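Being a predicted model, the structure only gives us computed values, none of them experimental. Proteins get letters first, then strands, A, B, ... in listed order; numbering begins at 1 in each.
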There are 2 protein chains.
Amino acid sequence: MALRHAVLAALLDEELSGYQLTKAFDLGVANFWHARPQQLYAELTRLEKEGLIAGREVVQDTRPTKRLFRVTDAGAAELERFTATATKPSFIRDDLLVKVQAADHVDSRALVTRLAERAAFAQARIDLFGELLRAMRGDRDEEEFLRHGERVGPYLTCLRGLAFEQGNRDWCERAAAALRERAAACTGR
Amino acid sequence: MALRHAVLAALLDEELSGYQLTKAFDLGVANFWHARPQQLYAELTRLEKEGLIAGREVVQDTRPTKRLFRVTDAGAAELERFTATATKPSFIRDDLLVKVQAADHVDSRALVTRLAERAAFAQARIDLFGELLRAMRGDRDEEEFLRHGERVGPYLTCLRGLAFEQGNRDWCERAAAALRERAAACTGR
DNA sequence: TAGATCATGTAAACGGTTACATGATTAT
DNA sequence: ATAATCATGTAACCGTTTACATGATCTA
């Protein structure tokens, strides 16, 4: 039971439709969890059946009818209970690291390409998260916002997402530089 | 198909038994992947059946007989092929971040406790990874080792693991400080 | 008129976790 | 004696991904 709490947390601050949720879980919300649309629609159905969220139909004239979901009191209580329990550690599980682990036994050039691709991906997310943070804190500076803003939760998780991607980018660049230098020294491999 | 490559990468540098692998996937190797013993034994069986690894029995007088596995040429080729393919992005998926996302709606003191627990866990891993890195590079400094050492793959992945846990620790401390300050300001919540 | 976006799913396959099982040896 | 470590699994369950499906509206 894990995705359910992520969905509840995402719905705390605003009513969202399934479709809007899928967008959030692709971008900003993905700072703290990641899920496919199919998973989200299934989870929304389950959560509603269990009374942790409540949906209401919104008929639109130009767009298809959608259902907006909000967290019920029971849902809020479930999140509270979840927060009180011990937290599982989170481990990195990353194809790219597997490839780098094998660095001394595989083609360096291919590996450097993979590292460059990931660095670019990380940079794009760094830019995105930077913008999201700026939008959340408005004209206040960070200290000020964290002290007096309402809804600092999403801001804090976005900060972690930002630092994670900066870590990815920096490490990719360092690893690629090391591998390139070794390749140059050996003229090949 | 993901764990298989992690196992292959782990077996590249040394012959290991299933049991030794489970230890590695709990500690050092967990820098780049994480798996339970049951998963590893099952994967080893499959990999051997497919000819990507080869096992040999080692009879011990004091301990139960074990099987040591090494990567075959076919296994090395499979890793090479894997490295050449595009890499999936890796996303954070962390119960703790879900809890912090809900920070403005749940009990702050419970949350601060969770953050402190995670910070301590991260610090323990930082210490461990620091030692592993020192052991790998010996008396050389990092630049020197990355340039001329053999087997820099495991060193590079360990560097990523270290940075990841430093990021965890720093963020936990920052988030906890912010939440504590807000709690103090409101006297309650 | 073709492609992106809004809106929501089903079904099958795969990967990972939890619970359980066994039995010997070594250290406290 | 008891607990930890070495050594290896099976079975059931749960969570995630991939593939497929539908249909409207808006944008180039």
Side-chain angles (χ1 to χ4, degrees), chain A residues 1-8 15-27 30 32-50 53 55-69 82 85-95 98, chain B residues 1-7 15-27 29-30 32-50 53 55-69 82 85-95 98:
Chain A
M1 313 237 183
L3 174 62
R4 50 197 312 100
H5 299 112
V7 171
L8 288 172
E15 272 191 320
L16 293 172
S17 68
Y19 186 77
Q20 289 174 305
L21 257 192
T22 66
K23 293 300 144 189
F25 272 77
D26 255 15
L27 295 173
F32 65 92
W33 206 266
H34 185 258
R36 307 272 155 170
Q38 300 92 323
Q39 234 184 316
L40 291 169
Y41 283 111
E43 195 63 50
L44 286 172
T45 305
R46 257 177 266 131
L47 284 169
E48 194 181 23
K49 210 172 285 174
E50 295 171 34
I53 61 174
R56 62 183 181 91
E57 290 227 326
V58 174
V59 181
Q60 305 170 109
D61 33 310
T62 110
R63 291 291 189 182
T65 298
K66 63 181 174 183
R67 306 196 65 215
L68 292 182
F69 295 94
F82 175 64
T85 62
T87 312
K88 286 180 205 163
S90 83
F91 297 101
I92 289 182
R93 201 172 263 175
D94 187 340
D95 283 357
V98 173
Chain B
M1 313 237 185
L3 174 63
R4 49 199 309 103
H5 299 111
V7 171
E15 273 191 319
L16 293 173
S17 68
Y19 186 76
Q20 288 173 305
L21 257 193
T22 67
K23 294 298 146 190
F25 272 77
D26 255 14
L27 295 173
V29 177
F32 66 93
W33 206 266
H34 184 259
R36 308 269 155 172
Q38 301 92 321
Q39 235 185 315
L40 291 168
Y41 282 111
E43 195 62 52
L44 286 171
T45 305
R46 257 177 266 134
L47 285 169
E48 194 181 23
K49 211 173 284 173
E50 294 171 36
I53 60 173
R56 62 183 180 93
E57 291 228 323
V58 174
V59 181
Q60 305 169 106
D61 34 311
T62 110
R63 289 293 186 181
T65 298
K66 62 182 174 183
R67 306 197 64 215
L68 293 182
F69 294 94
F82 174 64
T85 62
T87 311
K88 286 181 206 162
S90 85
F91 297 101
I92 288 183
R93 199 172 266 176
D94 188 341
D95 283 356
V98 173

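For the side-chain hydrogen bond (donor to acceptor under 3.5 Å, both in side chains) test, residues two or more places apart in sequence or in another chain that qualify with A/Ser90 are B/Asp94. Applying the side-chain contact (heavy atoms from CB on, under 4.5 Å) rule to A/Thr65 yields the partners A/Glu57, A/Val59; only residues at least two apart in sequence or on another chain are considered. Not counting sequence neighbours, B/Pro64 has no partner by the side-chain contact (heavy atoms from CB on, under 4.5 Å) test. With sequence neighbours left out, the side-chain hydrogen bond (donor to acceptor under 3.5 Å, both in side chains) criterion links A/Gln38 to no other residue. Residues satisfying the side-chain contact (heavy atoms from CB on, under 4.5 Å) test with A/Arg4, not counting sequence neighbours, are A/Met1, A/Glu43, A/Leu47, A/Glu50, A/Leu52. Remark: B/Glu15 pairs with B/Arg56, B/Leu68, B/Arg70 by the side-chain contact (heavy atoms from CB on, under 4.5 Å) rule, at least two apart or across chains. Judged as a ring pair (Phe, Tyr, Trp, His ring centres under 6.0 Å), and not counting sequence neighbours, the contacts of A/Phe91 are B/His34. In terms of the side-chain hydrogen bond (donor to acceptor under 3.5 Å, both in side chains) criterion, residue partners of A/Gln20 (sequence neighbours excluded) are, by chain and number, A/Ser17.
Nucleotides of DNA chain D with any atom under 4.0 Å from a heavy atom of chain B span, from 5' to 3', D/dT5 to D/dT18.
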Please list each protein N or O that sits under 3.5 Å from an N or O in nucleotides 10-15 of chain C, with the distance.
unit_1	atom_1	unit_2	atom_2	d
C/dG15	OP1	B/Met1	N	2.3

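One distance of note links NZ of A/Lys66 with CG of A/Leu16; it measures 9.0 Å at 0.5 Å rounding. With rounding to the nearest 0.5 angstrom, the NE2 atom of B/His5 is 10.0 Å from the CG atom of B/Leu3.
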Where do B/Tyr41 and B/Leu21 land on the side-chain contact (heavy atoms from CB on, under 4.5 Å) test, with the steps shown first?
CA-CA 9 Å; B/Tyr41 282 111; B/Leu21 257 193; over 6 Å; no

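One axis for each end of the helix from C/dT1-D/dA28 to C/dT28-D/dA1, each built from five base pairs, and the angle between them comes to 40° at 10° resolution.
If you check residues 58-67 of chain B against DNA chain C, the residues with a heavy atom closer than 4.0 Å are B/Thr62, B/Arg63, B/Pro64, listed by number.
Although no hydrogens or angles enter the test, the distance criterion places no donor-acceptor pair under 3.5 Å between the side chain of B/Tyr19 and the main chain of B/Pro37.
One can place CD of A/Gln20 at 9 Å from P of C/dC6, the figure rounded to the nearest angstrom.
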